[in-house]
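Notes for the one structure printed next.
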Amino acid sequence: MFSKLSVVVTSVLITLAAAMPGGTPPPPVTPPTSNQCCSSVQNSNNAAVSAVAALLGLDLTGLNIPIGLSCSPITVIGNNCGGTTVTCDSPEKEWGGLIAINCLPITL
């Protein structure tokens with residue numbers, strides 16, 4: 001059931017991203033400082049990542065960095081992260097946890 005939902009959501013996001021105009025500069029990439037639990041981590045060249053980024057007004061063209069999707073901050077050591085535990089650039093509040101930039105795997 002979850003995989004079917006993922007396919008539908010990804011398809012909708014890609015369709016919406018294709019309809020949106022580009023032209024925004026890429027987000028700044030800084031050293032990771034924020035521990036996050038992300039549902040997945042993909043390369044910035046991934047179509048689903050590009051679609052989510054476009055919805056948020058981010059242009060990832062030319063970047064080759066790991067991007068976390070559906071991320072939430074880890075505030076307590078031993079937090080039960082059901083996804084991938086990473087450290088990322090501090091995500092912007094307006095991204096609403098949908099995306100985090102420059103995510104590198106960590107072990108807590």
Exercise for the section: Decide yes or no for Ile74 and Thr85: does some side-chain heavy atom of the first lie under 4.5 Å from some side-chain heavy atom of the second? Expected result: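 Result yes, sub-4.5 Å side-chain heavy-atom pair found.
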Handout entry: Co-members of the apolar cluster containing Val41 [side chain, <4.5 Å]
Key =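 Joined to Val41, directly or through intermediates: Val86.
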Gap between atom [atom2] of [Y] and atom [atom1] of [X] - 0.5 Å precision:
X      : Y     : atom1 : atom2 : value
Asn46  : Ile67 : CG    : CD1   : 10.0 Å
Ile101 : Leu63 : CD1   : CG    : 7.5 Å
Cys103 : Asp89 : SG    : CG    : 7.5 Å

Practice task
Considering non-hydrogen atoms only, spot the tightest contact between Cys37 and Gly82 and give its length.
Solution key: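 Closest pair (atom of Cys37, atom of Gly82, distance): SG-N, 3.9 Å.
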Practice task
State which residues pass side-chain hydrogen bond (donor to acceptor under 3.5 Å, both in side chains) with Asn43; sequence neighbours excluded, sorted by chain then number.
Solution key: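 Per chain and number, Asn43 pairs via side-chain hydrogen bond (donor to acceptor under 3.5 Å, both in side chains) with Asn45, Asn64.
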Handout entry: Sequence-distant partners of Ser34, side-chain hydrogen bond (donor to acceptor under 3.5 Å, both in side chains), two or more places apart
Key =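 Ser34 satisfies side-chain hydrogen bond (donor to acceptor under 3.5 Å, both in side chains) with Gln36 only.
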Handout entry: SG-SG under 2.5 Å, Cys38 vs Cys71
Key =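 Disulfide present: SG-SG distance under 2.5 Å.
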Which residues share a side-chain contact (heavy atoms from CB on, under 4.5 Å) with [X], sequence neighbours left out:
X      : answer
Ser40  : Gln42, Leu69
Leu104 : Pro32, Pro66, Thr87, Asn102
Ala53  : Leu58, Leu60, Ile99

